[in-house]
Chemist: 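A single structure is presented below for examination.
Naming convention: chains lettered A, B, ... in sequence-line order (proteins, then strands); numbering from 1 in each chain.
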Amino acid sequence: MVRAMKTDSPALFELPDPGPEPARQTVRAVPVLVPMPAPGPYSYTVPENVHVVPGSIVVVPLGPRKVIGVVWDERGEGGSVDPKKLRPIEHVFDCPPLADDMRVFLDWVAAYTLTPPGYVARMALRAPTAFDPEPMVEGLRLVKSELERMTPARARVIELASDGFAWTRLGLVHAAGVSASVVDGMIAQGAFETVFLPPPPVVAPPDPDYVADRLEGVQKDAARVLIKTVDKGKFSVSLIDGVTGSGKTEVYFEAVAEALKRGKQVLILLPEIALTASFLERFQDRFGSKPAEWHSDLAPRTREKVWRQVVTGEVRVVAGARSALFLPFAELGLIVVDEEHDPAYKQEDRVFYNARDMAVVRARIGDFPTVLVSATPSVESQVNAMQGRYQAIHLPTRFGDAAMPDLRLVDMRRHAPARGGFLSPLMLRGVDATLKKGEQSLLFLNRRGYAPLTLCRVCGHRFQCPQCSSWLVEHRFRGVIQCHQCGYQEKTPEACPECGTLDHLVACGPGVERIAEEVVSHFPDARTIVLSSDMAGGVKRLRLELEAIAKGEADIVIGTQLVAKGHNFPLMTLVGIVDADLGLANGDPRAAERTFQLLHQVTGRAGRTGLKSHGLIQTYQPGHPVMQAIVSGDAEAFYDREISEREKANLPPFGRLASIIISADDRHSAEVHARALRNAAPQAAGITVLGPAEAPLALVRGRYRFRLLVHGQRTSDMQGFLKAMLAAGPKERGSLHVQVDIDPQSFL
DNA sequence: AGCACGCCGACT
DNA sequence: GTCGGCGTGCTC
């Protein structure tokens, strides 16, 4: 045996002499992740002449059916499966394998969220027939311009097609403005040869230099910092924190341009609702073409094309909702998370994750930069910026002539509304003045329907959901009472189901519909509209209404949460918050933060043009830090205070917050689990269960849910604890879900 | 997650 | 006498 005398790698000394290559008798078996809740991949044999590598997308038999799986990485111990059980891989798709980074990422997410890896992998494969190449498109190339019967229509076609390029049949028909039969006739006479063209791209490639250098001042400085960061091409997280209207989007577009110039693909994550036509247009204004879109209601064909072209690298920029994070990019080099504080980034079924956090993880694994963007960053991100883990980029002022609205608190104890009403005289006066100026008012109340609770004045019966424990919300426009947790609904009864008394049902508290009623009674001649997600006519109607409002076709808009996002109403000069306290008392450790973010966003809807604008905020707690921060505009003070409070109470991001979600058909079974887990928790050191007062057992879409607040220094400890606790809990398959909801940057 | 197997109630 | 409910268990 010859020993190496000199080597860079000490490990070489330890390698035994391999000897002559042994004849490969054993059939090769590889691990394959399959879409089921197994703790790891299954093994399959690889038939002769079949080539697979880790990441290959395959079809394998699983029990009686065929499923799509991904060849995974060879594991250390090697599963001890009976070799007789092994079945062969059935088919390998003609598709680039999932990149190493992607596999590491999927494994990481599975471990972090305590989800079976097969489920996580399935999220990356959500494009059923995209795994084989798109079929070639049939094209026509002109080979003979002399035809026996020449007509003006034929001449036009020939003129176009004699450019030497191949045309699609329909393309030629449209461009020449002739009927299809003209082209068909020419085909029959042998004017064209058929050629096969690569399928057209879903979007034209973006041009990073399409428009350059429109930025000025602070924006330009911020863009310069970002460009430098992207140019380094290394992992980093930047947090752009800029008020509404400060040009954040234009600034991060420069980072996108830089990544494109470096030959990288870019992912822009947006909360689903912010993926609007206006965003796509802004992108097009900067890059000359639209980004590819990715969200839940893409047409299946488009979805497949986008998936395929992302994996082949043909699509360079994707703007997508949270699920876009699991697209298998070929060469991803930048992720932007816009509205990074938005709770819509949390997925709370099947795989529980926060796309903002997972974006940071994906960037870490792929070693490329991430940019988080928000006017009101999450406390987690703010802390990371303060501690220097994130690069902070601050855009303090509005761009151009847009001024911040003049905000004022309305102390409801002193300016009480009329009996039976919810709008203070000050608010009504504000609306009146705005009406007289011919400008628009927005009244915001984050509660759908007419009234959140209905009761019988005679016997005190309260309408409760028969499926869960929450109150039924009256929707007077639709004539139903509905559960906002599970969707249960019935016709609004006229008589009390308990005592049978007619006409003695009384609505308690306001919803947007009730506010509309009050507004109409005060301003019968104003054009009033209610906007809420349950609006008749769906998303299409909603979009039309939003456009109409922007054009000034309404005087008073009464809306829920959805008016807070994205849309610009140039004539909106009064924003009234009907109940600023709503949501402060619900026991969510993030209640104050959420309220601050929401109020900031809603009041930011006003005054985006040069018009002088106002905000009136109705509250019973004018001294509350959130109210103070909103009126003073001093966000920094709010964050400072919130951060120190959180630190004291060991709340996120200082404590480690986890939700355990328990689902069972019957309430009793769920309660048994809940109790068992709650009792088990305090036995381990450093674990606190938030009591019912702070985080009550709640029913969310038929699932019992409660939260554990886990105090610990290292996430891995917490992970281990949760795993052990789940294993020790009462066995009931598939009924427990764990959402680990912590700041991943703290342990990268 | 699917899907089959298996064991008890109301039907052509 | 069968069709069909969903409880239990397995899938390399």
Chemist: Check the orientation of A/Tyr112 and A/Trp108. Use parallel for under 30°, tilted for 30 to 60°, and perpendicular for over 60°.
Modeler: parallel

Chemist: A/Asp94: which residues meet the side-chain contact (heavy atoms from CB on, under 4.5 Å) condition with it, sequence neighbours left out?
Modeler: A/Asp132, A/Pro133

Chemist: side-chain contact (heavy atoms from CB on, under 4.5 Å) with A/Pro83: which residues, sequence neighbours excluded?
Modeler: none

Chemist: Could you check how far CZ of A/Arg122 sits from C1' of B/dG2, rounded to whole Å?
Modeler: 10 Å

Chemist: Suppose we screen for side-chain contact (heavy atoms from CB on, under 4.5 Å). Which residues come up paired with A/Val50, at least two apart in sequence or across chains?
Modeler: A/Val46, A/Pro47, A/Val52, A/Val92

Chemist: Could you tell me how far apart A/Trp72 (CH2) and C/dC12 (C1') are, to the nearest whole angstrom?
Modeler: 17 Å

Chemist: Using heavy atoms and a sub-4.0 Å distance, could you list which residues of residues 52-65 of chain A are near DNA chain C? By number, please.
Modeler: A/Pro61, A/Leu62, A/Gly63

Chemist: Which whole-number value in Å describes the distance from A/Arg350 CZ to B/dG2 P?
Modeler: 8 Å

Chemist: Could you pull out all residues at least two apart from A/Asp100 that satisfy side-chain contact (heavy atoms from CB on, under 4.5 Å)?
Modeler: A/Arg103

Chemist: Whole Å only: how far is the CG atom of A/Asp82 from the P atom of C/dT11?
Modeler: 10 Å

Chemist: Tell me the interatomic distance from A/Arg87, atom CZ, to C/dT11, atom P, rounded to whole angstroms.
Modeler: 10 Å

Chemist: Taking side-chain hydrogen bond (donor to acceptor under 3.5 Å, both in side chains) as the definition, give me every residue that meets it alongside A/Ser374, ordered by chain and number, with sequence neighbours left out.
Modeler: A/His341

Chemist: Which pairs count as side-chain hydrogen bond (donor to acceptor under 3.5 Å, both in side chains) when at least one residue sits in residues 307-318 of chain A, sequence neighbours excluded?
Modeler: A/Glu134-A/Gln309, A/Arg316-A/Glu331

Chemist: Just to verify, what does A/Arg126 make a side-chain hydrogen bond (donor to acceptor under 3.5 Å, both in side chains) with, not counting sequence neighbours?
Modeler: none

Chemist: How many Å lie between CE on A/Met123 and C1' on B/dA1, as a whole number?
Modeler: 15 Å

Chemist: How many Å lie between CD on A/Glu74 and P on C/dC12, as a whole number?
Modeler: 18 Å

Chemist: Hey, can you pull the residues of residues 32-42 of chain A with a non-hydrogen atom under 4.0 angstrom from DNA chain C?
Modeler: A/Met36, A/Tyr42

